[in-house]
2 protein chains.
Amino acid sequence: MPMLPGKKTSKEKLLDAALTVIRTKGYSATSVDELCSAAGVTKGAFFHHFKNKDELGVAAADYWSEVTGALFVDAPYHDLDDPLDRILAYVDFRKALLQGRVPEFTCLVGTMVQETYETAPSIREACQRSITSHAAKLEADIQAAMDQRGLTPDWSARSLALHTQAVLQGAFILAKAEGGADSAVEIAAESVDHLRRYIELVFAAPAGSTRSTA
Amino acid sequence: MPMLPGKKTSKEKLLDAALTVIRTKGYSATSVDELCSAAGVTKGAFFHHFKNKDELGVAAADYWSEVTGALFVDAPYHDLDDPLDRILAYVDFRKALLQGRVPEFTCLVGTMVQETYETAPSIREACQRSITSHAAKLEADIQAAMDQRGLTPDWSARSLALHTQAVLQGAFILAKAEGGADSAVEIAAESVDHLRRYIELVFAAPAGSTRSTA
DNA sequence: AATTAAATACCGACTGGTTGGTATGTATTC
DNA sequence: GAATACATACCAACCAGTCGGTATTTAATT
């Protein structure tokens, strides 16, 4: 269906609106009507593209993976030679994204899965896909850094990759609880700082040896 | 209002039901009617004790602070002499609590604040109180451990205390996304393991790290 | 190139059930 | 007797989802 380029379809407008509205109000509190008026489309358009509200939730999670995936692919840190540098640059990049108001830098799938993990299995799965596929890219660099240093710790590359996502998701919750924009950003950023320090330490200190970090 | 001891009032029954139902379905998706039937009381009882649904949300957050506060006060790790041991024992205790099904070990206020931070300021504030007051108890031990070792790092005791809460909240989100009970618990526990390792490393004070001259 | 058929992309009024909340009543406690 | 602690019936607004209709695009046929 090649439409006029630059002209967004109703489906795209609805998905864009979903990212904003759901991150602001949550999934359950977001009504189909509100989504439609935010997107500037009618209810008929909504139910033409999505069988029901849950199917929009799944599509929104997938769309989120696309949008954020493109953001991280375009990020500059992939060029670095040392895999550990790439990991740390990723963390720095995540910290740099903590800007503006809370609904703008928080994670759609982290928000949605909290509300739907028991009541909407298809949405839960879509959110899990989004998180784990993102973590998998990081896991590759973590494994490379471990191999390069000959590290064989009692934790896996996967667990550390998921841990980074846990810290970020938790930082978002702290920011939401804080409320005010500036202090919320600060609190989230400090958690990311701790995460960065952990990664430095855990890669710097194989049993016994000490190494101060730059 | 001293009633027959052992006989729960409608208010208590509603608050107990709120902890379970809201953690399972989220705040917005939990209807007043459902709360009442889960608690075995009528709607009249609900609106006798709470002006509106949001006021129950606030009361539930406060109640959550009471219940969990009592849990941690009774925990055995307070006896330890070394403040760092107390911190690590706290983390171990949090890890030990990761048992059973997801709605049973996840956090009420972390769930609620995600949905309400923009739409219900009073609930957001109650959730913030709950998180920060809990973190404050940990912060005291962290500060004591820092003082004992003469550590003057570029992070504050408060930021590390909040970071522990971020990791836990993030671990809950990962567990919710994972779905299946066993693997969900495992993923959350591994994040707590990383947190414990970070605290050990950051207090290990290797040569080259900042130390005060006192 | 013109005509037609069929699929796609909407539109917006409508529906039946659910929602948070109210009004009015009564039984019990202080 | 007055406040507290419920109970029940009720309501207007809102909810997700439906349905018949129309405009537009694509494909097939002539």
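Values in this document were obtained by computation on a predicted structure and should not be read as measured data. Here is how names work: the chains are called A, B, and so on, in the same order as the sequence lines, proteins then strands, and each is numbered from 1.
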Nearest whole angstrom, please: distance from the [atom2] of [N] to the [atom1] of [X].
{"X": "B/N52", "N": "C/dT19", "atom1": "CG", "atom2": "P", "result": "17 Å"}
{"X": "A/D33", "N": "C/dT15", "atom1": "CG", "atom2": "P", "result": "16 Å"}
{"X": "B/L35", "N": "C/dT19", "atom1": "CG", "atom2": "P", "result": "12 Å"}
{"X": "B/L56", "N": "C/dT19", "atom1": "CG", "atom2": "P", "result": "15 Å"}
{"X": "B/F46", "N": "D/dT8", "atom1": "CZ", "atom2": "C1'", "result": "17 Å"}
{"X": "A/K53", "N": "D/dC15", "atom1": "NZ", "atom2": "P", "result": "9 Å"}

Tell me whether the OP1 or OP2 atom of [N] has a side-chain N or O from [X] closer than 4.0 Å.
{"X": "A/K43", "N": "C/dG12", "value": "no"}
{"X": "A/S10", "N": "C/dC10", "value": "yes"}
{"X": "A/T42", "N": "C/dG12", "value": "no"}
{"X": "B/H49", "N": "D/dA5", "value": "no"}
{"X": "B/H48", "N": "D/dC6", "value": "no"}

Cut-off 3.5 Å, side chains only: do [X] and [Y] have a donor facing an acceptor?
{"X": "A/S10", "Y": "A/H49", "result": "no"}
{"X": "B/Y27", "Y": "B/D54", "result": "yes"}
{"X": "B/Y77", "Y": "B/D92", "result": "no"}
{"X": "B/Q128", "Y": "A/E178", "result": "yes"}
{"X": "A/K25", "Y": "B/T116", "result": "no"}

Where the side chain of A/F47 is defined as all heavy atoms beyond and including C-beta, which of D/dT18, C/dG20, D/dA7 is the nearest nucleotide?
->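 Closest nucleotide to the A/F47 side chain: D/dT18.
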
For A/G44 and for A/V32, locate the closest nucleotide of DNA chain D by heavy-atom distance; then report the residue assigned to the nucleotide nearer the 5' terminus.
->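 The answer here is A/V32.
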
With sugar-phosphate meaning primed atoms plus P, OP1 and OP2, does A/T30 contact a base, only sugar-phosphate, or nothing at under 4.0 Å between heavy atoms?
->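 Answer is sugar-phosphate: A/T30 comes under 4.0 Å of backbone atoms only.
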
